[in-house]
**Q** 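Shown below is the structure under consideration.
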Protein chains: 2
Amino acid sequence: MLQNGNYEAIFSRIPIYIEYLKTYEEEYISATIIANSLGLGEVQVRKDLAKISFGGKPKIGYEVKSLLDDLSSYMGFDKLTKAVIVGMGRLGEALFHYLGFDRINLKIVAAFDVCDKYNSLDEFKSICEKHNVKIGIITVPEESAQATADLMVSSGIKAIWNFSSSSLKVPNNILVKNENMANSLSVLIRLMNNL
Amino acid sequence: MLQNGNYEAIFSRIPIYIEYLKTYEEEYISATIIANSLGLGEVQVRKDLAKISFGGKPKIGYEVKSLLDDLSSYMGFDKLTKAVIVGMGRLGEALFHYLGFDRINLKIVAAFDVCDKYNSLDEFKSICEKHNVKIGIITVPEESAQATADLMVSSGIKAIWNFSSSSLKVPNNILVKNENMANSLSVLIRLMNNL
DNA sequence: TGTATATCGATAAAGATATATCGATATAAC
DNA sequence: GTTATATCGATATATCTTTATCGATATACA
């Protein structure tokens with residue numbers, strides 16, 4: 001069970017490189033330019049890229065096109081990933097309509113809520129199995145979070161993106177990433193007060 | 001400039017401890033119980049607590065009440081922090097109405113948008129200065145993100161919570177925490193595909 | 001052709017974070 | 001009172017992450 005892990009810091013930088021490279025017009029780019037543009041260290045960028053892509057050339061840098069391909073497939077953006085979302089309050093709505101998921105080739109195939117404007121939870125398992133859904137997004141109130149997680153696990157979901165403030169209990173082979181908004185903001189506040 | 005930093009991993013665990021402790025009914029609690037309940041290592045919990053609070057007692061543990069006080073004030077939850085939000089699309093709306101910010105003693109004092117249902121950006125600086133706002137939340141489309149950040153910096157804001165996918169350029173003394181939803185989810189997808 | 005320079009990759013060092021081990025101590029049970 | 005045990009805090013070790021250093025190489029230019 002992954003609880004808010006900082007595992008593999010590199011994973012969180014690759015999408016940033018990808019975003020930046022998409023805006024870059026030249027044929028080649030150096031680690032130095034990427035680093036300076038994104039406020040990172042150039043050795044770190046070079047190391048990240050070396051881990052994923054074939055070599056850049058001294059004095060020239062990396063070919064942007066093939067670098068983009070390599071980074072994207074490393075992150076799995078070349079394959080469609082399917083998700084479902086449970087809890088269609090304001091946050092659920094916002095995520096459901098969020099356009100940025102296209103970029104990472106993620107599709108939210110169904111939205112569930114007790115309100116009958118959305119799919120009913122009775123259909124949850126069958127819909128997930130039919131679409132072979134691997135990602136579950138939880139945006140329900142705290143008191144229903146664990147039950148939602150249990151339903152997801154029993155419906156074959158492998159990774160949960162949890163916006164509730166509950167600590168979910170799930171089996172060992174299920175990933176949980178907690179994305180509690182208040183906690184996340186509080187880290188920023190703490191850092192700010194430190195200065 | 002903090003770009004999505006994992007600085008001080010401990011900062012991100014404290015709010016989780018706090019949440020958990022609030023639900024705990026006994027007078028004393030041990031690091032072992034906290035660790036097992038949250039899926040963390042007990043040495044890690046003990047170390048975190050030792051850094052912030054006064055000693056626990058062998059065989060007994062820590063007094064829940066004073067532990068909660070110490071952790072809360074360490075995170076700055078004992079003081080009111082004020083924020084403003086710019087960009088009242090679905091995500092902006094969701095954050096503006098999000099109830100969880102009470103827990104961390106954060107108040108969003110104003111919401112801005114080009115649409116006239118909200119405060120106008122013309123009033124941005126004066127409102128921020130009047131309320132001594134230190135935190136700015138950016139939920140605008142990518143193309144207006146940098147301009148919004150510039151406005152925030154020139155209005156005395158010290159820390160920016162950036163939901164756009166742009167990499168913002170800000171002065172050195174300004175904190176930026178990027179909270180790009182797609183990037184964040186893509187880390188989960190990558191971890192899942194690793195297994 | 002030779003020299004200067006930007007850049008790479010590799011290796012080493014430093015820093016941050018997490019885990020393991022162990023003696024000390026407060027309570028409980030005998 | 002003695003012994004057993006849960007727990008603490010401290011120290012040591014391991015792992016992960018970032019930063020520094022340096023020789024090698026591809027191009028540009030005199």
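Just so it is clear: chains get the letters A, B, ... in the order the sequence lines come, proteins before strands, and each one is counted from 1.
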**Q** So what does B:G41 touch, heavy atoms closer than 4.0 Å: a base, only the sugar-phosphate, or nothing?
**A**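 Nothing, no nucleic acid heavy atom in range.
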**Q** Nearest whole angstrom, please: distance from the C1' of D:dC16 to the CD1 of A:I10.
**A**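 About 13 Å, once rounded to whole Å.
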**Q** Side-chain donor-acceptor pair under 3.5 Å between A:Q44 and A:D48, yes or no?
**A**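 Per modelled atom types, A:Q44 and A:D48 side chains form no pair under 3.5 Å.
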**Q** Which nucleotide, D:dT7, C:dT21, C:dT27, lies nearest any side-chain atom of B:S30?
**A**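 Closest nucleotide to the B:S30 side chain: D:dT7.
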**Q** What is the separation between atom CG on A:N36 and atom C1' on D:dT19, rounded to the nearest whole Å?
**A**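 It works out to 15 Å between those atoms.
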**Q** For the side chain of A:N162 and the backbone of A:S166, is there at least one donor-acceptor N/O pair under 3.5 Å apart?
**A**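 At least one qualifying donor-acceptor pair exists.
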**Q** Counting only non-hydrogen atoms, which of residues 49-56 of chain A are less than 4.0 Å from DNA chain C?
**A**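 Heavy-atom cutoff 4.0 Å gives A:G55, A:G56.
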**Q** Output the rounded distance in Å from CD (B:E63) to P (D:dC8).
**A**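 The distance from CD of B:E63 to P of D:dC8 comes to 14 Å, rounded to the nearest Å.
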**Q** To the side chain of B:Y62, which of D:dT21, D:dC8, C:dA18 is closest?
**A**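 Output: D:dC8.
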**Q** Does any donor atom in the side chain of A:S53 or A:Y62 lie under 3.5 Å from an acceptor atom in the other side chain?
**A**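 There is no such pair between these side chains.
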**Q** Ignoring the backbone of A:V43, work out which of C:dA18, C:dC8, D:dA20 is nearest its side chain.
**A**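 Minimum distance to the A:V43 side chain belongs to D:dA20.
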**Q** Specify the separation, in whole Å, of atom CD of B:Q44 and atom C1' of D:dA14.
**A**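 Computing the B:Q44:CD to D:dA14:C1' distance gives 14 Å.
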**Q** Just compare D:dT7, D:dT19, C:dT7 and give me whichever is closest to any side-chain atom of B:T32.
**A**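 Selected nucleotide (nearest to the side chain): D:dT7.
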**Q** Anything under 30° is parallel, anything over 60° is perpendicular, the rest tilted; go ahead and classify A:F101 against A:Y98.
**A**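 Geometry flag for A:Y98 against A:F101: perpendicular rings.
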**Q** Please report the distance, rounded to the nearest Å, between CG in A:L40 and P in D:dT19.
**A**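 Nearest whole value for this atom pair: 9 Å.
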**Q** Taking the side chain as every heavy atom from C-beta outward, state whether A:L168 and A:Q146 have any atom pair closer than 4.5 Å.
**A**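 Result yes, sub-4.5 Å side-chain heavy-atom pair found.
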**Q** As a test of reading the structure: which of C:dT27, C:dT21, D:dT19 is closest to the side chain of B:I60, going by heavy atoms?
**A**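 Given the options C:dT27, C:dT21, D:dT19, the side chain of B:I60 is closest to C:dT27.
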**Q** Within 45° of the ring axis of A:Y74 and under 6.0 Å from its six-membered ring centre, is that where the NZ or CZ of B:R190 lies?
**A**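 Yes, B:R190 lies over the aromatic ring of A:Y74.
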**Q** To the nearest Å, give me how far apart CZ (B:F11) and P (C:dA16) are.
**A**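 So the CZ-P distance, B:F11 to C:dA16, works out to 12 Å.
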**Q** From NZ of A:K57 over to C1' of C:dG9, roughly how many Å is that when rounded to an integer?
**A**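 Taking atom C1' of C:dG9 as the reference, NZ of A:K57 is at 16 Å.
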**Q** Spell out yes or no: do the side chain of A:K59 and the base of D:dT25 have one donor N/O and one acceptor N/O closer than 3.5 Å?
**A**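 Per atom types, no contact qualifies.
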**Q** Does the side chain of A:R13 get closer than 4.0 angstrom to OP1 or OP2 of D:dT18 through an N or O atom?
**A**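 Answer is yes, contact under 4.0 Å.
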**Q** Could you check whether A:E19 pairs with A:K22 (Lys NZ or Arg NE/NH1/NH2 to Asp/Glu carboxylate O, under 4.0 Å)?
**A**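 Judged by the 4.0 Å cut-off on N to carboxylate O distance, A:E19 and A:K22 do form a salt bridge.
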**Q** Could you work out which one of C:dA18, D:dT21, D:dT25 sits closest to the side chain of B:K47?
**A**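 The answer is C:dA18.
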**Q** Report yes or no: do A:L91 and B:M181 belong to one cluster of Ile/Leu/Val/Met/Phe/Trp/Tyr joined by side chain heavy-atom distances under 4.5 Å?
**A**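 Same cluster.
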**Q** How close or far is atom P of D:dT27 from atom CD of A:E27, stated in whole angstroms?
**A**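 In whole Å, D:dT27 P and A:E27 CD are 12 Å from each other.
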**Q** Output yes when at least one side-chain N/O atom of A:R46 is less than 4.0 Å from OP1 or OP2 of C:dC8, else no.
**A**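 For C:dC8, OP1 or OP2 has a side-chain N or O of A:R46 closer than 4.0 Å.
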